[in-house]
Amino acid sequence: MREGSGFPEIKAIVVDIDGTLTDMSRLISLEAVAAMRQMPIPVILCSGNVICFVRAAAKLLGASNTMIGENGGVVLHGFDAKAIVLADIEECRRGKELLLKEFPELESLDETYRKSELAFRRGIDLEKARSIIAEDYPGLEIVDTRFALHLKHRNVNKATGMRKIAEILGMSTQNFAAMGDSENDLPMLKEAGIAIAVGNATPEVKAAADYVCQKSYGEGAAEGFEWLKRQL
Ligand SMILES: O=C(O)COP(=O)(O)O
Ligand SMILES: [Mg+2]
């Protein structure tokens with residue numbers, strides 16, 4: 001929310017999945033699901049995870065059939081629609097080959113399902129990996145979500161995914177509230193009309209939020225949904 005302005009007209013809420021609706025073992029919170037189902041506005045799931053995972057989650061949870069995957073690299077509008085791919089995975093593949101020279105143990109996650117970026121298991125020396133990528137692929141970056149490391153295009157993120165969704169739905173990103181927990185959520189929290197951080201969010205994410213939940217993980221998300229509902 002911009003300083004001095006009134007509460008924006010919120011028409012949908014864009015919600016991160018891991019660490020926001022779930023705990024660190026990716027177990028979904030029933031409290032968060034119950035609160036989500038009570039929302040009078042669409043709940044748009046937005047994750048670093050692959051779009052088929054987000055799609056299944058949206059269907060099972062009763063979220064909107066419009067959603068964002070791969071940190072904004074893929075957007076789906078309609079459960080049976082064709083995914084819209086917004087970034088070129090080939091450069092990320094070349095970046096991965098470079099990383100493999102330094103980190104032969106690098107483990108790719110869900111690579112068969114990825115369309116716009118790559119994800120790796122955490123545990124490698126992140127600063128070293130970042131400097132290797134910065135040197136040869138300045139257009140790429142490595143983002144740590146605390147669940148995985150993502151090798152992605154710098155100019156594609158959850159905010160650009162949200163802009164695409166806004167365009168499709170004929171809205172402004174100022175009409176969205178956004179809720180999240182980690183580094184990959186920062187762009188969308190800064191772009192949204194209202195930003196909510198769950199209690200377990202990183203200090204940077206909390207600093208970007210209009211409302212910081214007292215509670216963490218799914219209980220925090222439930223609190224965030226209820227807070228927003230009271231403001232609408
Ligand atoms: O896929 C990840 O690394 C994290 O996913 P998230 O964006 O839903 O938290
Ligand atoms: Mg998250």
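Residue numbers count from 1 along this sequence. Everything numeric here is computed off the predicted structure, so don't read it as measured data. One-based numbering, in listed order, for ligands and for the atoms of each.
For R121, the CZ atom is loosely surrounded, since the number of other residues' heavy atoms within 6.0 Å does not exceed 12. Enclosure of atom NZ in K115 is not indicated, since only 12 or fewer non-hydrogen atoms of other residues, nucleotides or ligands lie within 6.0 angstrom.
Backbone and side-chain nitrogen or oxygen atoms of H150 are examined, and one is located within less than 3.5 angstrom of a nitrogen or oxygen of ligand 1. Where the criterion is an N or O separation shorter than 3.5 Å, residue side chain and backbone included, G48 meets it with respect to ligand 1. Inclusion of D16 in the set of residues having an N or O under 3.5 Å from an N or O of ligand 1 is warranted.
Here the N, O or S atom of D16 that is nearest to the Mg ion (ligand 2) is OD2. The Mg ion (ligand 2) is closest to atom O of D18 (considering only N, O or S atoms).
Look at R93 and E90 and you find a salt bridge, because one of the NZ, NE, NH1 or NH2 atoms lies within 4.0 Å of a carboxylate O, short of that distance. Checked for salt-bridge contact, R94 and E91 miss the test: no charged N lies under 4.0 Å from a carboxylate O. One finds no salt bridge joining E117 and K152 here, because no Lys/Arg side-chain nitrogen approaches an Asp/Glu carboxylate oxygen to under 4.0 Å.
The distance from ligand 1 to the heavy atoms of I17 drops below 4.0 Å at these ligand atoms: 8 (O). Heavy-atom proximity to A148, at under 4.0 Å, picks out these atoms of ligand 1: 3 (O). Those atoms of ligand 1 with a heavy atom of N49 less than 4.0 angstrom away are 1 (O).
Ligand 1 has R26 within reach: a non-hydrogen atom of the residue lies less than 4.0 Å from it.
S47 OG, 2.7 Å is the protein heavy atom nearest to atom 8 (O) of ligand 1. Scanning all protein heavy atoms for the shortest distance to atom 5 (O) of ligand 1 gives D18 OD2, 3.1 Å.
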>> Checking R163 against E191 for the salt bridge (charged side-chain N to carboxylate O under 4.0 Å, His left out) test, could you report, in this order, the C-alpha distance in whole Å, the side-chain angles of both residues, the deciding distance, and whether it holds?
In response: CA-CA 9 Å; R163 270 180 229 146; E191 174 90 17; 3.0 Å; yes

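Cluster membership for F120 and F103, using ILVMFWY side-chain heavy atoms within less than 4.5 angstrom, is shared. L106 and Y113 fall into different hydrophobic clusters, defined by Ile, Leu, Val, Met, Phe, Trp and Tyr side-chain heavy atoms under 4.5 Å apart, directly or through other members.
Closest approach of Y217 and M24 over heavy atoms only: OH-CG, 3.3 Å.
Of the heavy atoms in T145, only side-chain atoms (C-beta onward) come closer than 4.0 Å to ligand 1. Contacts between K158 and ligand 1, counted as non-hydrogen atom pairs separated by less than 4.0 Å, involve the side chain only. At a heavy-atom cutoff of 4.0 Å, ligand 1 is contacted by the side chain of N184 but not by its backbone.
If you run side chain to side chain contact (heavy atoms under 4.5 Å, CB included) between K158 and each of L186, L189, N184, only N184 comes through.
Among the atoms of D181, an N, O or S atom falls under 2.8 Å of the Mg ion (ligand 2).
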